[in-house]
Amino acid sequence: MLTLSKEQARRFILAHQGLGPKPEFRGKSGALDFVRRVGCIQYDPLNIVGGNSDLVLQARIPEYMPSILTELLYHDRKLLDGWDKNMSIYSTGDWPYFQRLRKAANNNARISDPIDKILPQIRLAIEKQGPLSSLDLNFKKKIDWSWAPARLSRAALESMYFWGELTIHHRIHTRRVYDFMSRHFSEELLSATDPNETEAQYHDWYVHRRLGSVGLMWDKAGDAWLGMSGIKSKERKATLTRLLKRSLVRQIQVAGISELCYVRTVDVEHLNKCLETKSRSSRAIILAPLDNLLWDRRFIKALFDFYYIWEVYKPAAERRFGYYVLPILYKDKFIARFEPGRDKPSNALIIKKWWWEPGIKRSAKMQADLILCFRRFLKYLGSEKILIEKKTLHDGELHWLNIQAKS
């Protein structure tokens, strides 16, 4: 069993996440390499300063632009929208491994008579007209669906998507436009058999993969384990036992954390290199609300002494901070969080509120690194300047951050 200090554990998990001393991933190939390393990044339709998946990638890819992800998804087809940790984006090469989910979705959807009745018409419409969204189909009747009643056309298209007949051809903002999978992916991929023949093999693959999504995890219930169909606490524990016996994972004891943690054996070499290097990060980085690093809030609290909850779905009166708040990482600590917005007339980034973390000692060097961080963020947004709300400018002592995109 390996034993690490909290500082060593932080150093490794940040390096694994591409948040180490120097940017590891660059350009479109770097974005693809990062997704392949972590398995998936989470998708969310909310867009205040970019969607969650774009925010994840801008934190790791210098000069990242959202067009990079769009190309990988809808032109190169090297990445796919699909169900993993909730709605996610993952490598096209992982498609065969999720065959069980598609079969389950097919079985569930087929009990809906209204959907079954209109499938031939939808197939014919896509065959003749090409990619379509639910608004392009004249099936306005509403049926019970997912979180709330939905138009029959939407329910049918989503069903076909989840059982693997359709793919997302492109998006118009958050609206999905669908097309046949067979038009965009090889027969070799679409006909590939599930590499995991048994349920136990599937569990082993999935738990091992999810460990790689974060880098270092403990075996406690939390959001980092969400979306893994059929794998609850009991199954996860049995799976980790099998993975240990097969030497595919290693146990880690982190000083000050009573629960044992786990790392993939394939990542141990990277861990050792992180422990040997003398380089220390001085980067300031703005993270996404559903960033892979933050998936297990309680684990991050234990490791970084930072507790973060995305409060968008909380009633306003119950929010401790704000509606859409982003954390700021500096070196190996979380130093602040802020609530962003956009000013449409000027295209400026608005800082509505700012909160320093307790005990953070500010310095001229930290301020200089934060200015560089926000200049990068402005370039990602295609924005020229920051507008700081008057009260926040005073209360947060942010006069030094009143910058433009160019120095």
Side-chain angles (χ1 to χ4, degrees), residues 40-48 50-55 66-67 69-90 92 94-95 98-185 189-190 226-227 229 289-290 312-313 324:
C40 74
I41 55 177
Q42 200 164 343
Y43 172 82
D44 188 89
L46 282 178
N47 186 334
I48 304 298
N52 183 77
S53 46
D54 285 317
L55 286 167
S67 58
L69 184 58
T70 298
E71 288 178 14
L72 287 169
L73 281 165
Y74 308 127
H75 297 283
D76 304 340
R77 301 286 172 182
K78 292 184 177 180
L79 294 178
L80 271 170
D81 300 274
W83 186 265
D84 190 348
K85 186 189 179 289
N86 301 331
M87 282 309 301
S88 297
I89 292 167
Y90 58 77
T92 300
D94 286 343
W95 166 265
F98 291 103
Q99 193 174 112
R100 280 175 169 76
L101 298 186
R102 294 191 292 275
K103 286 182 177 179
N106 197 335
N107 293 334
N108 288 338
R110 293 294 177 153
I111 65 172
S112 174
D113 288 338
I115 290 176
D116 269 350
K117 288 177 181 177
I118 66 169
L119 288 178
Q121 297 171 69
I122 290 178
R123 290 180 180 124
L124 183 61
I126 296 175
E127 186 68 42
K128 288 185 174 182
Q129 300 174 46
L132 297 174
S133 76
S134 61
L135 297 183
D136 299 316
L137 297 165
N138 192 28
F139 301 107
K140 297 180 180 179
K141 175 184 175 182
K142 291 205 170 183
I143 64 171
D144 289 335
W145 193 248
S146 296
W147 304 107
R151 285 163 51 115
L152 182 56
S153 57
R154 176 190 163 187
L157 287 169
E158 285 189 359
S159 295
M160 298 169 77
Y161 165 65
F162 281 116
W163 71 52
E165 185 174 353
L166 300 182
T167 188
I168 297 175
H169 181 269
H170 66 280
R171 292 180 186 267
I172 302 173
H173 302 298
T174 59
R175 181 157 55 95
R176 301 167 178 172
V177 180
Y178 296 94
D179 199 5
F180 292 119
M181 283 285 297
S182 57
R183 286 176 172 170
H184 303 282
F185 299 94
L189 177 74
L190 299 183
L226 284 179
S229 179
L290 299 173
V312 288
Y313 299 114
Y324 194 98

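Keep in mind it's a predicted model, so treat the numbers as computed, not measured.
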Can you check whether [X] reaches [Y] side chain to side chain, under 4.5 Å on heavy atoms?
{"X": "Phe185", "Y": "Leu80", "answer": "yes"}
{"X": "Ile126", "Y": "Asp179", "answer": "yes"}
{"X": "Asn86", "Y": "Gln42", "answer": "yes"}
{"X": "His169", "Y": "His184", "answer": "yes"}
{"X": "Arg154", "Y": "Phe139", "answer": "no"}
{"X": "Tyr178", "Y": "Met160", "answer": "no"}
{"X": "Met181", "Y": "Leu190", "answer": "yes"}
{"X": "Tyr43", "Y": "Ser88", "answer": "no"}

Ring pair (Phe, Tyr, Trp, His ring centres under 6.0 Å) against Phe98, all qualifying residues, sequence neighbours excluded: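 Checked Phe98 against ring pair (Phe, Tyr, Trp, His ring centres under 6.0 Å); matches are Tyr90, Trp205, Tyr206.
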Of all pairs that satisfy salt bridge (charged side-chain N to carboxylate O under 4.0 Å, His left out), the ones with a partner from residues 80-90, not counting sequence neighbours: Asp81-Arg171, Asp84-Arg209, Asp84-Arg210
Pair listing, salt bridge (charged side-chain N to carboxylate O under 4.0 Å, His left out) test, anchored in residues 135-150, at least two apart: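 Counting only pairs at least two positions apart or across chains, no salt bridge (charged side-chain N to carboxylate O under 4.0 Å, His left out) contact touches residues 135-150.
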What are the two closest non-hydrogen atoms of [X] and [Y], and how far apart are they?
{"X": "Trp163", "Y": "Leu119", "result": "CH2-CD1, 3.9 Å"}
{"X": "Leu137", "Y": "Ala125", "result": "CD2-CB, 4.0 Å"}
{"X": "Ile115", "Y": "Ser159", "result": "CD1-OG, 3.6 Å"}
{"X": "Pro120", "Y": "Asp116", "result": "CD-O, 3.7 Å"}
{"X": "Ser229", "Y": "Leu101", "result": "CB-CD2, 3.6 Å"}

SB check Arg123 Glu127 (cutoff 4.0 Å): no
Basic-acidic side-chain contact under 4.0 Å: Lys78, Glu71: no
Once rounded to the nearest 0.5 Å, what's the spacing between atom [atom1] of [X] and atom [atom2] of [Y]?
{"X": "Lys117", "Y": "Leu152", "atom1": "NZ", "atom2": "CG", "answer": "10.5 Å"}
{"X": "Leu73", "Y": "Ile168", "atom1": "CG", "atom2": "CD1", "answer": "8.5 Å"}
{"X": "Ser153", "Y": "Ile118", "atom1": "OG", "atom2": "CD1", "answer": "7.0 Å"}
{"X": "Leu79", "Y": "Ser53", "atom1": "CG", "atom2": "OG", "answer": "10.0 Å"}

Lys/Arg cation over aromatic Trp95: Arg102, 6.0 Å, 45° cone: yes
Trace of the side chain to side chain contact (heavy atoms under 4.5 Å, CB included) decision for Trp83 with Cys40: CA-CA 10 Å; Trp83 186 265; Cys40 74; over 6 Å; no
Stepwise side chain to side chain contact (heavy atoms under 4.5 Å, CB included) check, Arg77 with Thr167: CA-CA 10 Å; Arg77 301 286 172 182; Thr167 188; 4.2 Å; yes
Under 3.5 Å donor-acceptor, Ser133 side chain and Leu135 backbone: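 Yes, because the side chain of Ser133 sits within donor-acceptor range (under 3.5 Å) of the backbone of Leu135.
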Identified side-chain contact (heavy atoms from CB on, under 4.5 Å) counterpart of Ile41 within the set Leu55, Ile89, Asn52: Ile89
Derivation of the side chain to side chain contact (heavy atoms under 4.5 Å, CB included) call for Leu166 and Leu157: CA-CA 8 Å; Leu166 300 182; Leu157 287 169; 3.6 Å; yes
